[in-house]
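Residue numbers begin at 1 in each chain, while the letters A, B, ... track the order of the sequences.
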Protein chains: 2
Amino acid sequence: MPAVRLSPTSYVVLGMIALRGPSTPYDLKRAVGHSVGYFWHFPHAQLYSEPERLTAAGLLTCETETEGRRRKTYSITPAGTEALQSWIAEPSDSHFQIRDPAELKLFFNEVGAPDDVARLAKGQIERHEERIALYESMVARFGPEPADNPRLITLELGLEVEYATLRFWRALAAGDLAGLRRRRGESA
Amino acid sequence: MPAVRLSPTSYVVLGMIALRGPSTPYDLKRAVGHSVGYFWHFPHAQLYSEPERLTAAGLLTCETETEGRRRKTYSITPAGTEALQSWIAEPSDSHFQIRDPAELKLFFNEVGAPDDVARLAKGQIERHEERIALYESMVARFGPEPADNPRLITLELGLEVEYATLRFWRALAAGDLAGLRRRRGESA
DNA sequence: CCGCAATCGTCCTCCTCGGACGGTACGGCT
DNA sequence: AGCCGTACCGTCCGAGGAGGACGATTGCGG
């Protein structure tokens, strides 16, 4: 039972199994896909290999189906629960990262054509509006007071960020970044 | 001159050299460190190895210093400039990702102790306030109308997101996510 | 009963990550 | 001048992440 370095991926696997009970990697894939995976993509292959690591470390146990599709069901062990809980309890180690290719393009736009920024902004506005509509419709399915549903809190944060980003690109397209700053100052 | 897959890291390297002129990896490290690197971390080892790849692909040229410190200065080629420009011009391929360990902890908080959320929120509020103060002080150094300085636009987007995230954690700590939703609806 | 599409699992290759380590330059002290 | 500490700079390496290719299984419609 060797010790391993636990990454965010590890905790996603542990967390999902802790929340949902024994799961197959495919279960994890789907569960991640419509929750934390909205803003932080975890490639599906990881959700097959990571449980193996965690099993080797004694944080999960594995039950293999013999007939038909070779399917493995993982369950969390007391050690796994403890590792997850102490990670949740410990003070946060690192700041968030925002990985936005569009932001890179914007930063280097001087190298490109003059109207690239306008087209980029237009595309980003559409993209974020679509996302917002999607997320809002999902939130709406949960009724009038969804804000405290634990499964939705994460979506709430995502929406807040989506709106912020949308405001930015709109201000950029309108040439009114100064106005953005002003409104930000007021709301704070 | 084999073709290579160009990643965001590749474009950061190309872009920095295009903006700043011939650079050493260490120059890149510093330039990235106080610009795009604020929100998207690029490990320094990449900024040494990536230029080699790009040189092999014909997008950069390399000049090696002979005396003293072994130092390599990279310059961009016409092919490199073109690759960068066409990337900037092409419609954005993928949505942004937000990688926030705190968000994961929040999502899985049911597994933890009851007061974990409160402590998490408290820590996040402090963290984001610090960041905001830091970025604001940097922006302030550029004078009263900084918003359109191209080097700062990226910081502007980052600040918008920082404030959004701060509002979220504050609302969470105050138990008033519904209020957050309401205010968001008004401002949109 | 067959074929086809959706579902599910594995593999492979290249890239990312981040820390360890070692070399180089420079200023201060004796 | 020579030594030493420290900041600066470059390389390496092992583990993990990314994501596409591919193969197997299942169930459904003909």
Side-chain angles (χ1 to χ4, degrees), chain A residues 2-14 22-34 36-37 39-57 59 62-74 93-99 101 104, chain B residues 2-14 22-34 36-37 39-57 59 62-74 93-99 101 104:
Chain A
V4 287
R5 223 177 60 81
L6 297 182
S7 64
T9 308
S10 313
Y11 292 113
V12 165
V13 170
L14 287 174
S23 310
T24 69
Y26 190 70
D27 293 334
L28 296 176
K29 171 178 140 67
R30 276 181 314 157
V32 168
H34 52 252
V36 293
F39 302 104
W40 187 339
H41 174 71
F42 297 91
H44 72 279
Q46 296 282 118
L47 301 178
Y48 285 86
S49 63
E50 189 65 25
E52 284 178 22
R53 283 185 66 232
L54 297 175
T55 301
L59 306 181
C62 173
E63 195 141 353
T64 305
E65 197 126 337
T66 49
E67 346 222 312
R69 200 183 284 276
R70 50 241 136 96
R71 171 181 283 127
K72 294 170 184 167
T73 304
Y74 294 92
D93 30 323
S94 65
H95 201 63
F96 68 179
Q97 281 192 51
I98 306 165
R99 303 193 163 193
L104 289 184
Chain B
V4 287
R5 221 178 61 82
L6 297 181
S7 65
T9 309
S10 313
Y11 292 113
V12 166
V13 169
L14 287 174
S23 309
T24 69
Y26 189 69
D27 293 335
L28 295 176
K29 171 179 141 71
R30 276 183 312 158
V32 169
H34 51 252
V36 291
F39 302 104
W40 187 338
H41 173 69
F42 296 91
H44 72 280
Q46 295 281 115
L47 302 178
Y48 285 85
S49 62
E50 189 65 24
E52 286 178 21
R53 283 185 66 230
L54 297 175
T55 301
L59 306 181
C62 173
E63 195 141 353
T64 306
E65 197 126 337
T66 50
E67 345 222 311
R69 200 184 284 275
R70 50 240 138 94
R71 171 181 281 129
K72 292 171 186 167
T73 304
Y74 294 92
D93 30 324
S94 64
H95 201 63
F96 69 359
Q97 281 192 51
I98 306 165
R99 303 193 162 193
L104 289 184

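- For D:dG16, the OP1/OP2 oxygens have no side-chain nitrogen or oxygen of A:T9 closer than 4.0 Å.
- Between B:D27 and B:Q97, the residue anchored closer to the 5' end of DNA chain D is B:D27, taking for each the nucleotide with the nearest heavy atom.
- Ranked by how close their nearest DNA chain C nucleotide is to the 5' end, B:R99 and B:H44 are led by B:R99.
- Going from atom CZ of A:F42 over to atom P of C:dT16 covers 18 Å, rounded to whole Å.
- Under the rule for a side-chain hydrogen bond (donor to acceptor under 3.5 Å, both in side chains), the partners of A:T24 that lie at least two apart in sequence or sit in another chain are A:D27.
- Listed by chain and residue number, nothing satisfies the ring-ring contact (aromatic ring centres under 6.0 Å, His included) test with A:H44 (two or more places apart in sequence, or in another chain).
- Residue-to-nucleotide contacts include no donor-acceptor pair under 3.5 Å from the side chain of B:H41 to the base of C:dT16.
- Within the nucleic acid shown, B:K72 comes within 4.0 Å of sugar-phosphate atoms alone, with no base atom in reach, counting heavy atoms only.
- Residue contacts for B:R30: at a heavy-atom cut-off of 4.0 Å it reaches no nucleic acid atom on any strand shown.
- The closest donor-acceptor contact from the side chain of B:Q97 to the backbone of A:I98 lies at 3.5 Å or more, if one exists at all.
- Residue B:S7 has its side chain nearest to C:dC15 when only C:dC15, D:dG20, D:dG10 are considered.
- With contacts defined as side-chain heavy-atom distances shorter than 4.5 Å, the pair B:V12/B:F42 qualifies.
- The side chain of B:P43 lies closest to C:dC17, out of D:dA18, C:dC17, D:dG10.
- B:L28 places none of its side-chain heavy atoms less than 4.5 Å from the side chain of B:Y48.
- Residue A:R5 contributes atom CZ, which lies 8 Å from atom C1' of D:dG16 at whole-angstrom precision.
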Polar atom pairs (N or O), protein with nucleotides 22-24 of chain D, under 3.5 Å:
residue: D:dA24; atom: O4'; partner: A:R70; partner atom: NH2; Å: 3.4

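- For DNA chain C, the neighbouring residues in residues 46-54 of chain B, judged by any heavy atom under 4.0 Å, are B:Q46, B:E50, B:R53.
- In terms of the side-chain contact (heavy atoms from CB on, under 4.5 Å) criterion, residue partners of B:A31 (sequence neighbours excluded) are, by chain and number, B:M16, B:R20.
- Within the 4.5 Å cutoff, the side chain of B:T73 has no heavy atoms near those of the B:C62 side chain.
- Spacing between atom CG of A:L28 and atom P of C:dT7 amounts to 18 Å, rounded to whole angstrom units.
- Judged by distance alone, with hydrogens and angles left aside, the side-chain atoms of B:H34 form a donor-acceptor pair with the main-chain N or O of B:R30 at under 3.5 Å.
- Annotation: salt bridge (Lys or Arg N to Asp or Glu O under 4.0 Å) contacts of A:R99 (sequence neighbours excluded): none.
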